[in-house]
There are 2 protein chains.
Amino acid sequence: MLKKERHDFVMRQINLHNRVLTSDLVQLLNVSEDTIRRDLQELSDDNLLYKVHGGALSKSYHSSFDDSTVYAKDAKIGIAKKALSLIKDGMFILTGGGTTIIEMVKQLPENLQATFFTISPLVAVELAKYPKIEVILIGGLFSKNSQITYGGQVINQLSEINVDLCLMGVSAVHPTDGLTDTDWEINQLKKTMLSSSKKTAVLCISEKLNITLRLKVAALGQISYLITELEPNDESLKPYQAKGLQIL
Amino acid sequence: MLKKERHDFVMRQINLHNRVLTSDLVQLLNVSEDTIRRDLQELSDDNLLYKVHGGALSKSYHSSFDDSTVYAKDAKIGIAKKALSLIKDGMFILTGGGTTIIEMVKQLPENLQATFFTISPLVAVELAKYPKIEVILIGGLFSKNSQITYGGQVINQLSEINVDLCLMGVSAVHPTDGLTDTDWEINQLKKTMLSSSKKTAVLCISEKLNITLRLKVAALGQISYLITELEPNDESLKPYQAKGLQIL
DNA sequence: CGGGTATTTGCAGGTTTTTGCGATAATAAT
DNA sequence: ATTATTATCGCAAAAACCTGCAAATACCCG
């Protein structure tokens with residue numbers, strides 16, 4: 001591989017992941033550490049990246065990350081990290097949209113080999129950054145509010161698949177009322193997602209606990225895992241644990 | 001072998017593989033390294049390729065989708081502005097992916113009322129910002145390279161629609177060979193897109209003119225508009241105009 | 001046709017670039 | 001404080017490059 005090609009590769013990685021590890025590059029590009037270090041040094045000299053111990057960071061990383069407006073971002077990152085433990089090589093996974101899911105995708109292990117179905121274009125774009133992940137984007141009407149596809153066509157396609165795990169965010173969870181939501185279409189969608197997967201993990205920040213909305217999505221018995229930013233032994237999670245949910 | 005033949009050979013290799021090694025060329029063309037180097041030097045002087053230590057790279061090959069590093073961004077914005085004139089209220093429009101299309105979407109009139117079908121998640125997300133535009137994202141396998149959906153499912157869905165206008169980028173255009181490409185799947189996709197729309201506009205920067213690749217996508221007669229960053233009366237566009245294409 | 005000119009090509013040589021290795025220093029982790 | 005990881009430096013071999021030169025070929029024009 002030509003030096004310029006390596007440089008391009010590194011810059012692509014940096015632009016995609018905002019970071020890059022020396023050790024990863026050694027593996028991916030099949031050259032010695034010294035070569036990678038010299039590459040990073042040169043790119044750094046050209047002001048294209050920010051070299052640090054262990055690898056390099058994107059120049060724009062800090063600015064673009066700091067002024068992010070994601071609500072309760074830290075909590076969501078915590079949730080995301082817990083969700084990772086459910087994901088193993090070779091799995092077929094279905095995901096919804098939402099910032100929590102996107103945070104999770106950003107933290108997947110670099111070499112995860114898996115097949116993802118998703119109704120979120122943003123999730124698809126993030127997933128596409130992983131070399132060994134196959135991505136299938138379920139198409140249909142595109143919702144401006146939730147930035148996911150929905151409608152009959154999506155439901156049709158979802159009903160044809162059967163995956164190991166479904167990861168979804170929710171609007172409300174309640175110990176006896178289960179999952180509830182306010183939008184009819186999204187509701188139908190989530191029902192279908194549930195029935196298309198062997199196990200389901202619900203990702204939600206604690207403020208959505210113990211709330212009931214108008215439309216019923218599913219009973220707690222239909223889901224397997226509940227992932228919040230709280231400690232698993234937190235008092236407010238006890239009622240859910242009693243219902244048989246596994247708390248992460 | 002004549003020098004011009006070698007040059008053509010090199011350029012074909014470059015267009016095909018986006019790269020070429022000096023050592024490979026020595027073997028393939030049976031000439032000395034010096035000759036190859038001189039060839040590459042001359043082609044580089046003519047701005048046809050990008051010479052590097054060990055070989056040469058394609059000029060246009062920058063597959064990064066990061067906003068800040070879009071290749072030839074100004075030209076693409078110019079193309080985008082011209083394409084706008086084809087779009088009217090109430091239309092049903094099908095778009096492909098690519099940075100040029102995204103630039104165009106960013107410049108749509110704020111209150112445009114239209115229905116867009118697209119195979120590009122990034123285009124869908126951009127389109128969703130317009131209140132009066134309805135967006136249908138065609139789903140299927142997601143291509144990491146081109147950031148679009150493709151494959152049988154996409155083709156099936158495309159074959160069910162019939163829109164007023166199709167906007168697509170291309171890899172190569174030639175006055176007699178028409179549109180050509182290198183990837184089989186993308187090829188099938190583009191053919192289907194063409195047959196799903198009454199009129200088709202091809203968006204391409206001028207350096208893709210007069211190039212022929214391996215796989216035929218369509219004859220010039222199948223498309224309606226050709227949009228480049230050049231003035232419509234530019235000399236290099238004459239052959240296309242002669243074929244009946246409307247130049248913007 | 002023939003002599004002069006220009007182009008092309010390969011070679012010899014010396015120069016530069018690239019790369020990996022070993023030894024040593026710096027930095028993070030425990 | 002000790003250990004493990006990561007960086008740095010100098011070096012040497014290999015590869016790629018450049019320059020000038022000369023032979024071969026093609027070209028031009030009287």
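Labels below follow one simple rule: chain letters A, B, ... track the order of the sequence lines, proteins then strands, and each chain is numbered from 1.
Of all the residues in residues 30-47 of chain A, D34(A), R37(A) reach under 4.0 Å from DNA chain D with at least one non-hydrogen atom.
Checking E229(A) against S206(A) by side-chain atom types alone, a donor-acceptor pair falls below 3.5 Å.
The nearest whole Å value for the distance from the CG atom in L25(B) to the P atom in dT9(C) is 14 Å. When the C1' atom of dA16(D) is taken as reference, atom CG of D24(B) falls 14 Å away, rounded to whole Å. Put simply, CG on L21(A) is 15 Å from P on dT5(D), counting in whole angstrom units.
When the nucleotides dC18(D), dT8(C), dA7(D) are ranked by their closest atom to the side chain of T22(A), dA7(D) comes out on top. Checking dA16(D), dT8(C), dT27(C) against the side-chain heavy atoms of H53(B) singles out dA16(D) as nearest.
Using a 4.0 Å heavy-atom criterion, one finds that V26(A) contacts no nucleic acid atom at all. Across all strands shown, K4(B) has no heavy atoms under 4.0 Å from either base or sugar-phosphate atoms.
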Before you tell me yes or no, could you show the steps for T99(B) and K76(B) under side chain to side chain donor-acceptor pair (under 3.5 Å), namely the whole-Å CA-CA distance, both residues' side-chain angles and the distance that decides it to 0.1 Å? CA-CA 8 Å; T99(B) 46; K76(B) 288 182 176 174; 2.8 Å; yes

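With respect to the salt-bridge test (charged N to carboxylate O, under 4.0 angstrom), the residues K3(A) and E42(A) qualify. Salt bridge present: R37(B) and E33(B) bring a charged side-chain N and a carboxylate O closer than 4.0 Å.
Shown here are the salt bridge (Lys or Arg N to Asp or Glu O under 4.0 Å) partners of D181(B), two or more places apart in sequence or in another chain: K190(B).
Side-chain contact check for V123(B) versus I102(B): some heavy-atom pair is nearer than 4.5 Å.
Phosphate contact (OP1/OP2 of dA26(D), side-chain N/O of K3(B), threshold under 4.0 Å): absent.
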